[in-house]
A.B. asks: 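I'd like to ask you about the structure that follows.
Both backbone and side-chain heavy atoms feed into the values below; hydrogens, waters and symmetry mates do not. Atoms within a ligand are numbered from 1 in the order they appear, just like the ligands themselves.
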Amino acid sequence: MYNFENEDNIFIMDHPLIQHKITQIRDKNTGTQQFRKCVEEIATLMGYEALRDLPLTDIDVETPIESTKSPVIAGKKLAIVPILRAGLGMVSGIEALVPTAKVGHIGLYRDPETHKPVEYYCKLPSPIELRTIVVVDPMLATGGSGSDAVTQIKQHGGKHIKFMCIIAAPEGLEKLHKDHPDIQIYVGHLDRCLNENAYICPGLGDAGDRIFGTK
Ligand code: PRP
Ligand code: URA
């Protein structure tokens, strides 16, 4: 039995707009265009929550009335790192909040037999160690891909890492949190379980295929 309620660093969303849009993408009759749009919108809503602790610094500004000090985001630009392919669908949703963010990419796919992640690409913006990094992937199933992606980012020097997924299985959330207790994990909805093919139930099917219209 899993209980994530009082776990530090795990944030399960309860906003009604996020829940409403997740229901839309679960529906097998939702087409590619609508699916993409909802994924993007969910990423924006979740990003708003996940970025609430970005550091601020005061700058001088002249209003039409007087001079004042007012806060802006401090430090190096944010890095958004989608796990290919499906994570790409969430990038524009976060760019809507932080248009100056840099974007890295991690290429991983699940071996259909073993369900273990296979790495094929990694390119991250430098200096990665000075950036807040938001790793995005709609699905956290066994947790293999997510955990592997975070390990790769750490090996490249990444330190301030947040992981954002739309749907998680308890098994995957437990693995990612156990492997990387230092990162903050944001989950749109925590589903029931994995099936015998390591697909999330009730889930939404294959996120990459639904975003890109492949099968
Ligand atoms: C999906 C999904 C995650 C991974 C989750 O990608 O987007 O990356 O599976 O599964 P896990 O938690 O068990 O590792 P997939 O391997 O289907 O690749 P794709 O995005 O290229 O379709
Ligand atoms: N990858 C997906 O796209 N969906 C799942 O349910 C599990 C892994």
A.B. asks: Applying side chain to side chain contact (heavy atoms under 4.5 Å, CB included) to Leu54 and Leu78, what does each step give before you reach the verdict?
C.D. replies: CA-CA 9 Å; Leu54 281 183; Leu78 187 77; 4.3 Å; yes

A.B. asks: Give the atoms of ligand 2, by number and element, whose distance to some non-hydrogen atom of Ala207 is under 4.0 Å.
C.D. replies: 2 (C), 3 (O)

A.B. asks: How far is atom 22 (O) of ligand 1 from its nearest protein heavy atom, and which residue and atom name does that atom have?
C.D. replies: Arg85 NH2, 3.0 Å

A.B. asks: Using a strict 4.0 Å cut-off to heavy atoms of Arg110, name the atoms of ligand 2 that fall inside it.
C.D. replies: 7 (C), 8 (C)

A.B. asks: Are more than 12 heavy atoms from other residues, nucleotides or ligands located less than 6.0 Å from atom NZ of Lys37?
C.D. replies: no

A.B. asks: With atoms numbered from 1 as shown, which atoms in ligand 1 lie under 4.0 angstrom from a non-hydrogen atom of Ala86?
C.D. replies: 7 (O), 20 (O)

A.B. asks: Can you list the atoms of ligand 1 that are under 4.0 Å from a heavy atom of Tyr109?
C.D. replies: 16 (O)

A.B. asks: Tell me whether the NZ or CZ atom of Arg110 lies within the 45° cone about the ring axis of Tyr199 and under 6.0 Å from its centre.
C.D. replies: yes

A.B. asks: Please confirm whether Gly208 comes within less than 3.5 Å of ligand 1 when only nitrogen or oxygen atoms on both sides are compared.
C.D. replies: no

A.B. asks: Compute the minimum heavy-atom distance from Ala198 to ligand 2 and say whether it is under 4.0 Å.
C.D. replies: yes

A.B. asks: Is there a protein heavy atom at a distance of less than 4.0 Å from atom 2 (C) of ligand 1?
C.D. replies: yes

A.B. asks: Does some side-chain heavy atom of Ile185 sit less than 4.5 Å from a side-chain heavy atom of Phe11?
C.D. replies: no

A.B. asks: Determine, stepwise, if the pair His105 / Arg85 fulfils side-chain hydrogen bond (donor to acceptor under 3.5 Å, both in side chains).
C.D. replies: CA-CA 9 Å; His105 295 88; Arg85 289 177 300 165; over 6 Å; no

A.B. asks: Consider only side-chain N and O atoms of Asp191 and His189, and report whether a donor and an acceptor are under 3.5 Å apart.
C.D. replies: yes

A.B. asks: Check whether any N or O atom of Arg110, backbone or side chain, sits under 3.5 Å from an N or O atom of ligand 1, and answer yes or no.
C.D. replies: yes

A.B. asks: Among all the protein's non-hydrogen atoms, which is closest to atom 5 (C) of ligand 2, and how far away is it?
C.D. replies: Tyr199 CD2, 3.4 Å

A.B. asks: Got the closest protein heavy atom to atom 8 (O) of ligand 1, with its distance?
C.D. replies: Asp137 OD2, 2.4 Å

A.B. asks: Test side chain to side chain contact (heavy atoms under 4.5 Å, CB included) on Ile42 and Ile25 and set out the steps.
C.D. replies: CA-CA 10 Å; Ile42 293 165; Ile25 58 174; 3.8 Å; yes

A.B. asks: Strictly under 4.0 Å, does any heavy atom of Gly143 approach an atom of ligand 1?
C.D. replies: yes

A.B. asks: Any idea which heavy atoms bring Asp8 and His177 closest together, and the distance?
C.D. replies: O-CE1, 3.3 Å

A.B. asks: Heavy atoms only: which of Gly205, Ala141, Gly203 is nearest to atom 4 (N) of ligand 2?
C.D. replies: Gly205

A.B. asks: Among Asp60, Asp58, Thr57, which one satisfies side chain to side chain donor-acceptor pair (under 3.5 Å) with Lys69?
C.D. replies: Asp60

A.B. asks: Answer with side chain, backbone, both or neither: which part of Ser145 has a heavy atom less than 4.0 angstrom from an atom of ligand 1?
C.D. replies: both

A.B. asks: Would you mind running through ligand 2 and noting each atom that sits below 4.0 Å from a heavy atom of Ile200?
C.D. replies: 5 (C), 6 (O)

A.B. asks: Given the protein's heavy atoms, is any one of them under 4.0 Å from atom 6 (O) of ligand 1?
C.D. replies: no

A.B. asks: State, to 0.1 Å, how close Lys77 and Arg131 come at their nearest heavy-atom pair, and which atoms those are.
C.D. replies: O-NH1, 2.9 Å

A.B. asks: How far is atom 17 (O) of ligand 1 from its nearest protein heavy atom, and which residue and atom name does that atom have?
C.D. replies: Asp206 OD2, 4.0 Å

A.B. asks: At a non-hydrogen distance cut-off of under 4.0 Å, which region of Thr142 contacts ligand 1 (side chain, backbone, both, or neither)?
C.D. replies: both

A.B. asks: With the side chain counted from C-beta on, respond yes when Tyr109 and Tyr120 share a heavy-atom pair under 4.5 Å apart, and no when they do not.
C.D. replies: yes

